[in-house]
Amino acid sequence: MKISQSYIIETQRCRLRCVSLEDIPHTFSATQYQGFNDGMLWEPPTKEEELIEPYQRSIISWENGEAYTFTIESKDSKNFRSLEGARLCAPTINTSFSV
């Protein structure tokens, strides 16, 4: 199953959309908080540029229909909320959250 990068999920309060380069400063900022990276399989980045490669992998995975990483933003203000990754692995869907 492949989902278009323009696909948007809307809830009562939020909008979930494909990740974009504009999300990197928010993601970088979150990774700098003590404890945020606990349990993750990476070391926190030391600069924003280190997040470009993971972003590119997310886009390639999206295009290949392998995994979908959504940015969650407020529906009313488009303020960044978090990233959610959903990896389609038959027969289940695994999710992970970054806030």
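For the atom pair Ser4 OG and Glu63 CD, the distance stands at 10.5 Å (nearest 0.5 Å). To the nearest 0.5 Å, atoms OG1 (Thr27) and CZ (Phe36) are separated by 7.5 Å. The OG1 atom of Thr11 sits 6.5 Å away from the CG atom of Leu16 when rounded to the nearest 0.5 Å. Here Thr31 contributes atom OG1 and His26 contributes atom NE2; the two are 13.0 Å apart, rounded to the nearest 0.5 Å.
When atom types are taken as modelled, the side chain of Trp62 and the backbone of Thr69 share no donor-acceptor pair closer than 3.5 angstrom. No donor-acceptor pair under 3.5 Å is formed between the side chain of Tyr7 and the backbone N or O of Arg17. Asp23 places a side-chain N or O within donor-acceptor distance of the main-chain N or O of Ser20, the cut-off being under 3.5 Å.
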**Prompt:** Step by step, would you call Ile59 with Cys18 a side chain to side chain contact (heavy atoms under 4.5 Å, CB included)?
**Reply:** CA-CA 8 Å; Ile59 294 300; Cys18 182; 3.8 Å; yes

**Message:** Run the side chain to side chain contact (heavy atoms under 4.5 Å, CB included) test on Gln5 and Tyr68 for me, step by step, so that the C-alpha distance in whole Å, both residues' side-chain angles and the decisive distance to 0.1 Å come before the verdict.
**Reply:** CA-CA 9 Å; Gln5 286 184 30; Tyr68 303 96; over 6 Å; no

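Follow the hydrophobic side-chain contacts under 4.5 Å out from Leu21 and you never reach Ile8; the two are in separate clusters.
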Can you list, pair by pair, the side-chain donor-acceptor contacts under 3.5 Å of residues 47-56, counting residues two or more places apart and other chains?
{"unit_1": "Glu50", "atom_1": "OE1", "unit_2": "Thr46", "atom_2": "N", "d": "3.3"}
{"unit_1": "Glu50", "atom_1": "OE2", "unit_2": "Thr46", "atom_2": "N", "d": "3.3"}
{"unit_1": "Glu50", "atom_1": "OE2", "unit_2": "Thr46", "atom_2": "OG1", "d": "2.4"}
{"unit_1": "Glu53", "atom_1": "OE2", "unit_2": "Arg57", "atom_2": "NH1", "d": "3.1"}

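Side-chain contact between Pro45 and Phe28 is present, with heavy atoms from C-beta onward closer than 4.5 Å. Looking only at side-chain heavy atoms (C-beta outward), Arg15 and Lys75 come within less than 4.5 Å of each other. Looking only at side-chain heavy atoms (C-beta outward), Phe70 and Val19 stay at 4.5 Å or farther from each other.
Within a 6.0 Å radius of CD in Glu43, no more than 12 heavy atoms belonging to other residues, nucleotides or ligands are found.
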